[in-house]
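Here is the structure we will look at.
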Amino acid sequence: MDRVWYVSYGANMDAGRLDCYVRGGAPGGGARANPGCRDRTPPRADRAVWLAGGVYFGLASRMWGGGLAMLDAGLPGAAPARAYLVSSEQFSDIAAQEMYRSPGQGPDPAEAVARGRAVLGDGRYETLLHCGDMDGVPMLTFTAHWSSAQVEHTAPAAAYLRVIGAGLGAAHRWDPRRTAAYLAARPGAAGVWSPGRVQALLAPSSAAPPVPADGK
């Protein structure tokens with residue numbers, strides 16, 4: 001298995017954010033730099049796709065502050081995502097960095113492809129999911145081993161919502177209104193970020209508004 005589709009439903013839907021995992025560096029608004037993959041070749045292709053389940057925000061991000069986007073494949077519906085065609089080694093290195101490991105210490109995707117799911121540890125992104133095949137190439141993503149109902153939902157930071165929104169717009173050609181409505185409805189964001197506030201921060205010249213303390 002030389003190549004896989006790495007499927008992102010969060011910040012890595014933005015190609016610039018993913019590039020920090022591939023070539024190294026810190027994303028705009030992020031708090032830490034990534035070392036990058038051993039092979040720094042850009043993805044060979046990318047596609048807009050949908051994943052079974054739903055996205056929610058929970059725990060706390062060391063990169064962004066605020067809640068992290070995670071996928072619960074057991075939720076009803078489907079989640080918009082973006083698939084990148086990368087080498088198996090690159091997928092392993094991207095996953096390693098998400099797991100706070102070094103490139104070269106990441107998972108072998110073969111177990112997840114064979115079994116549909118591989119739980120590598122108790123961490124937030126340490127469960128690999130095989131999401132089917134596209135053009136004969138396996139599609140893989142990572143999330144937590146728990147469900148949305150088993151973890152406290154937390155509001156995402158403005159910078160994080162902005163980069164996810166940029167990725168949604170680029171991959172799925174959504175306008176800011178549709179993007180904002182989707183993000184504001186995710187558990188963790190709902191009731192804290194209104195669609196109007198999310199749409200405002202997606203404007204190119206907007207300053208990142210803080211998460212409102214009163215939930216409005």
Side-chain angles (χ1 to χ4, degrees), residues 6-22 24-36 46 48 51 53-72 75 79-82 84 94-95 97-100 123-126 141-144 146 148 151-172 174-216:
Y6 160 50
V7 186
S8 172
Y9 50 85
N12 287 340
M13 285 190 288
D14 179 65
R17 171 65 187 106
L18 180 69
D19 190 60
C20 294
Y21 280 126
V22 176
R32 57 190 293 271
N34 299 114
D46 69 272
L51 295 176
V55 171
Y56 64 95
F57 295 102
L59 305 181
S61 169
R62 300 183 199 176
M63 174 68 79
W64 306 99
L68 284 164
M70 290 176 279
L71 177 75
D72 183 345
L75 290 176
R82 189 175 191 175
Y84 297 94
I94 292 167
Q97 292 172 80
E98 288 277 23
M99 297 174 189
Y100 297 104
R124 57 199 69 188
Y125 289 134
E126 293 188 333
T141 193
F142 33 77
T143 186
W146 53 75
S148 173
V151 66
E152 181 180 358
H153 296 156
T154 49
Y160 191 44
L161 285 175
R162 182 183 286 114
V163 74
I164 296 174
L168 278 169
H172 287 264
W174 286 5
D175 62 29
R177 182 184 296 273
R178 183 176 181 183
T179 300
Y182 168 76
L183 291 174
R186 296 310 90 212
V192 179
W193 285 101
S194 69
R197 286 182 60 83
V198 177
Q199 186 173 342
L201 69 86
L202 295 178
S205 61
S206 70
V211 175
D214 61 359
K216 297 180 180 179

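All residue numbers in this chain count up from 1 along the given sequence.
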Taking the side chain from R124 and the backbone from A60, do they hold a donor-acceptor pair closer than 3.5 Å? yes

Should L183 and L168 count as side-chain neighbours, where that means a heavy-atom distance under 4.5 Å? yes

Roughly how far, to the nearest 0.5 Å, is the NE2 atom of H172 from the CZ atom of R82? 9.0 Å

Spell out, as yes or no, whether a donor-acceptor pair under 3.5 Å connects the side chain of W193 to the backbone of R186. no

Any idea which heavy atoms bring A26 and C20 closest together, and the distance? C-SG, 3.7 Å

I want to check something: taking the side chain as every heavy atom from C-beta on, are I164 and F57 in contact at a cut-off of under 4.5 Å? yes

What closest approach, in Å, do A184 and V198 show between heavy atoms, and which atom pair accounts for it? CB-CG2, 4.2 Å

Can you say whether the rings of H153 and Y56 are parallel (under 30°), tilted (30 to 60°) or perpendicular (over 60°)? tilted

Where the side chain of Y160 meets the backbone of A69, is there a donor-acceptor pair that is under 3.5 Å apart? yes

Look up atom OG in S8 and atom CG in L71, then write down how far apart they are to the nearest 0.5 Å. 10.5 Å

Please answer whether the main-chain N or O of G66 pairs with a side-chain N or O of S61 as donor and acceptor at a distance below 3.5 Å. no

Closest heavy-atom pair and its distance - A79, V55: CB-CG2, 3.8 Å

Here the gap from Y100 atom OH to R62 atom CZ, rounded to the nearest 0.5 Å, amounts to 5.0 Å

Can you tell me how far apart CE (M70) and OG1 (T141) are? Round to the nearest 0.5 Å. 12.5 Å

Main chain of G36, side chain of Q97: is a donor-acceptor contact present, judged purely on distance under 3.5 Å? yes

Students often mix this up, so state it plainly: with edges at 30° and 60°, are the rings of W174 and Y182 parallel, tilted or perpendicular? perpendicular

Donor-acceptor side-chain pairing of N12 and Y84 below 3.5 angstrom: no

Are N34 and R17 side-chain neighbours, meaning at least one heavy-atom pair lies under 4.5 Å? yes

Does atom CZ of R177 have more than 12 heavy-atom neighbours, drawn from other residues, nucleotides or ligands, at distances under 6.0 Å? no

Shortest non-hydrogen pair, A11 vs V163, comes out as CB-CG1, 3.6 Å

Shortest non-hydrogen separation from Y125 to F142 and the atoms involved: O-CB, 3.6 Å

Nearest heavy-atom pair of D14 and A166: which atoms, and what distance? OD1-CB, 3.7 Å

